[in-house]
Amino acid sequence: MITVLGIGPGSPDLMLRGTDKVVAQADLVIGSRRQLAGFDIPSEKQLELPKLEILKKLLVEQYDQNVVLLASGDPLLYGIGSWTLRQFGSDHVKVVPGISSIQYMFHQVGLAMNDAYFTSSHGRIPDFDFLLAHQTVGMVTDKKIGPYQIAQEVLNRHQHRTIYIGEQLSYPEERISQLRPEQVENKKYNMNVVIITNA
């Protein structure tokens, strides 16, 4: 059985109850170095997350083992849970939810998620004409399309919006900025989530 375990946006305080128990019962725990560091796992029972083609082969080889695949945020909100279900099917995969970074960000800035559109720019080119037709958008970004590029798309459409940028959410280094599109600088934003709203 493969368990895709949502571990929240980062802080141990935001992990769902029972997370440690799932990890403790695993024969093998796979995750990024940062994810693995959040748990007390014997070295022989942990593996740093490889590329997806290698991960698929590894999971096939470990089919009779209790494997836990760590997922930041929520596994089924632009997370690795969707990929795992496509590869192995719901009969062989259990997905444990977690608090997503987008969800956390909305709560930090005091905005309701009702009717908001959620998306990600990871490995994709968003359709900004479609996105910016919505009143509120929550987006997990990557290095290619981040806060600055999003702000430029807003400006190109002559929209008057508020942009919230959340970096290192739930970590001690957390930083949240509330800006107009013209105020967003062309610089690096660490591990960020962007909310675009009319508010």
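Hydrogens, waters and symmetry mates are skipped; everything else that's a heavy atom, side chains included, is used.
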Original post:
Is the closest side-chain heavy-atom distance between M105 and I176 below 4.5 Å?
Top reply: yes
Original post:
If you round to the nearest 0.5 Å, how far is CG of L85 from NZ of K94?
Top reply: 13.0 Å
Original post:
Can you find a pair of side-chain heavy atoms, one from Y164 and one from V193, that are under 4.5 Å apart?
Top reply: no
Subject >> Closest heavy-atom pair and its distance - I145, P126 >> reply: CD1-CD, 3.4 Å
Original post:
Where does the angle between the aromatic ring planes of H92 and Y63 fall among parallel (under 30°), tilted (30 to 60°) and perpendicular (over 60°)?
Top reply: tilted
**OP:** Answer yes or no: are there more than 12 heavy-atom neighbours, outside D127 itself, under 6.0 Å from its atom CG?
**Re:** yes
Subject >> Heavy-atom closest pair, residues P97 and L16 >> reply: O-CD1, 3.1 Å
Original post:
Just how far is it from atom NE2 of H160 to atom CD of E182, taken to the nearest 0.5 Å?
Top reply: 9.0 Å
Original post:
Within the distance-only criterion (no hydrogens, no angle test), does the side chain of D27 pair as donor or acceptor with the backbone N or O of N66 below 3.5 angstrom?
Top reply: yes
Subject >> Joint hydrophobic cluster, W83 plus L76, side-chain heavy atoms closer than 4.5 Å >> reply: yes
**OP:** Just do the salt bridge (charged side-chain N to carboxylate O under 4.0 Å, His left out) check on R157 and D129 with the steps written out, would you?
**Re:** CA-CA 9 Å; R157 289 161 179 78; D129 286 329; 2.9 Å; yes
Original post:
Would you say L70 and M191 are hydrophobically clustered, going by side-chain heavy atoms of ILVMFWY under 4.5 Å?
Top reply: no
Original post:
Looking at side-chain heavy atoms only, is the closest gap between R175 and Q168 below 4.5 Å?
Top reply: no
Original post:
In Å and rounded to the nearest 0.5 Å, what is the CG to CG distance from N192 to L169?
Top reply: 8.5 Å
**OP:** Please assess D20 against F39 for the test side chain to side chain contact (heavy atoms under 4.5 Å, CB included), listing each intermediate value before the final yes or no.
**Re:** CA-CA 8 Å; D20 286 327; F39 298 92; 3.5 Å; yes
Original post:
Is the backbone of I80 close enough, under 3.5 Å, to the side chain of T84 for a donor and an acceptor to pair up by distance?
Top reply: yes
Original post:
Which atoms form the tightest heavy-atom contact between A116 and F106, and what is the distance?
Top reply: CB-CZ, 3.9 Å
Subject >> Connected via hydrophobic side-chain network under 4.5 Å: I163 and L132 >> reply: yes
Original post:
Do V140 and I125 share a hydrophobic cluster, counting only Ile, Leu, Val, Met, Phe, Trp and Tyr and linking them when any side-chain heavy atoms are less than 4.5 Å apart?
Top reply: no
Original post:
From L58 CG over to L49 CG, what is the distance, rounded to the nearest 0.5 angstrom?
Top reply: 10.0 Å
Original post:
Tell me, do I41 and L36 make a side-chain contact under 4.5 Å, heavy atoms counted?
Top reply: yes
**OP:** Begin from the C-alpha positions of R180 and T162 and carry the test side-chain hydrogen bond (donor to acceptor under 3.5 Å, both in side chains) through to its verdict.
**Re:** CA-CA 5 Å; R180 292 297 177 187; T162 299; 2.9 Å; yes
Original post:
Are a donor atom and an acceptor atom from the side chains of S170 and S11 found within less than 3.5 Å of each other?
Top reply: no
Subject >> Side-chain donor/acceptor of T141 to backbone N/O of S121, under 3.5 Å >> reply: no
Subject >> Closest non-hydrogen atom pair, P9 against L14 >> reply: CG-CD1, 3.6 Å
**OP:** Taking all non-hydrogen atoms of both residues into account, name the closest pair between V4 and A71 and its distance.
**Re:** CG1-CB, 4.1 Å
Original post:
I150 and M139: side chain to side chain contact (heavy atoms under 4.5 Å, CB included), yes or no, with the steps?
Top reply: CA-CA 10 Å; I150 293 167; M139 183 185 296; 3.5 Å; yes
Subject >> Distance-only side-chain donor-acceptor flag, Q108 / E174, under 3.5 Å >> reply: yes
Subject >> Flag if over 12 foreign heavy atoms under 6.0 Å of CD1, I54 >> reply: yes
**OP:** Using atom types as modelled and distance alone, determine if a side-chain donor or acceptor of H107 lies under 3.5 Å from a backbone N or O of Y104.
**Re:** no
Subject >> Atom pair CE/CD1 of M15 and I99 - distance to nearest 0.5 Å >> reply: 10.5 Å
**OP:** Measure the spacing between CZ of F88 and CE of M1 and express it to the nearest 0.5 Å.
**Re:** 12.5 Å
Original post:
Are T19 and I7 close enough, and set up right, to give a side chain to side chain contact (heavy atoms under 4.5 Å, CB included), and what steps lead you there?
Top reply: CA-CA 7 Å; T19 300; I7 60 172; 4.2 Å; yes
Original post:
Just by distance, with hydrogens left out, do Q35 and S72 show a side-chain donor and acceptor under 3.5 Å apart?
Top reply: yes
Subject >> Backbone of F118 reached by a side-chain donor or acceptor of Y78 within 3.5 Å >> reply: yes
Subject >> Heavy-atom check, side chain of L59 versus side chain of I30, under 4.5 Å >> reply: yes
Original post:
Is it true that a side-chain atom of Q25 and a backbone atom of V22 form a donor plus acceptor pair closer than 3.5 Å?
Top reply: no
Original post:
Does any N or O in the side chain of E153 come within less than 3.5 Å of the main-chain N or O of F128, such that one atom is a donor and the other an acceptor?
Top reply: no
Original post:
Q65 side chain to Q62 main-chain N or O, any donor-acceptor pair under 3.5 Å?
Top reply: no
Original post:
Mind checking whether R86 and S82 have side chains closer than 4.5 Å, heavy atoms only?
Top reply: yes
Subject >> Side-chain heavy atoms of I165 within contact of V184, under 4.5 Å >> reply: yes
Original post:
Does NE2 in H122 sit with more than 12 non-hydrogen atoms of other residues, nucleotides or ligands closer than 6.0 Å?
Top reply: yes
Original post:
Does R161 reach the main-chain N or O of Q135 with its side chain, forming a donor-acceptor pair under 3.5 Å?
Top reply: yes
Original post:
Hey, what's the ring geometry for Y117 with F130, parallel, tilted or perpendicular (30° and 60° as the breaks)?
Top reply: perpendicular
Subject >> Minimum heavy-atom distance P75-G98, with the two atoms named >> reply: CD-N, 4.0 Å
**OP:** Could you state whether L52 and L28 fall into the same hydrophobic cluster, counting links through intermediate Ile, Leu, Val, Met, Phe, Trp or Tyr residues with side-chain heavy atoms under 4.5 angstrom apart?
**Re:** yes
Subject >> Within-4.5 Å side-chain heavy-atom neighbours: V194 and V137 >> reply: no
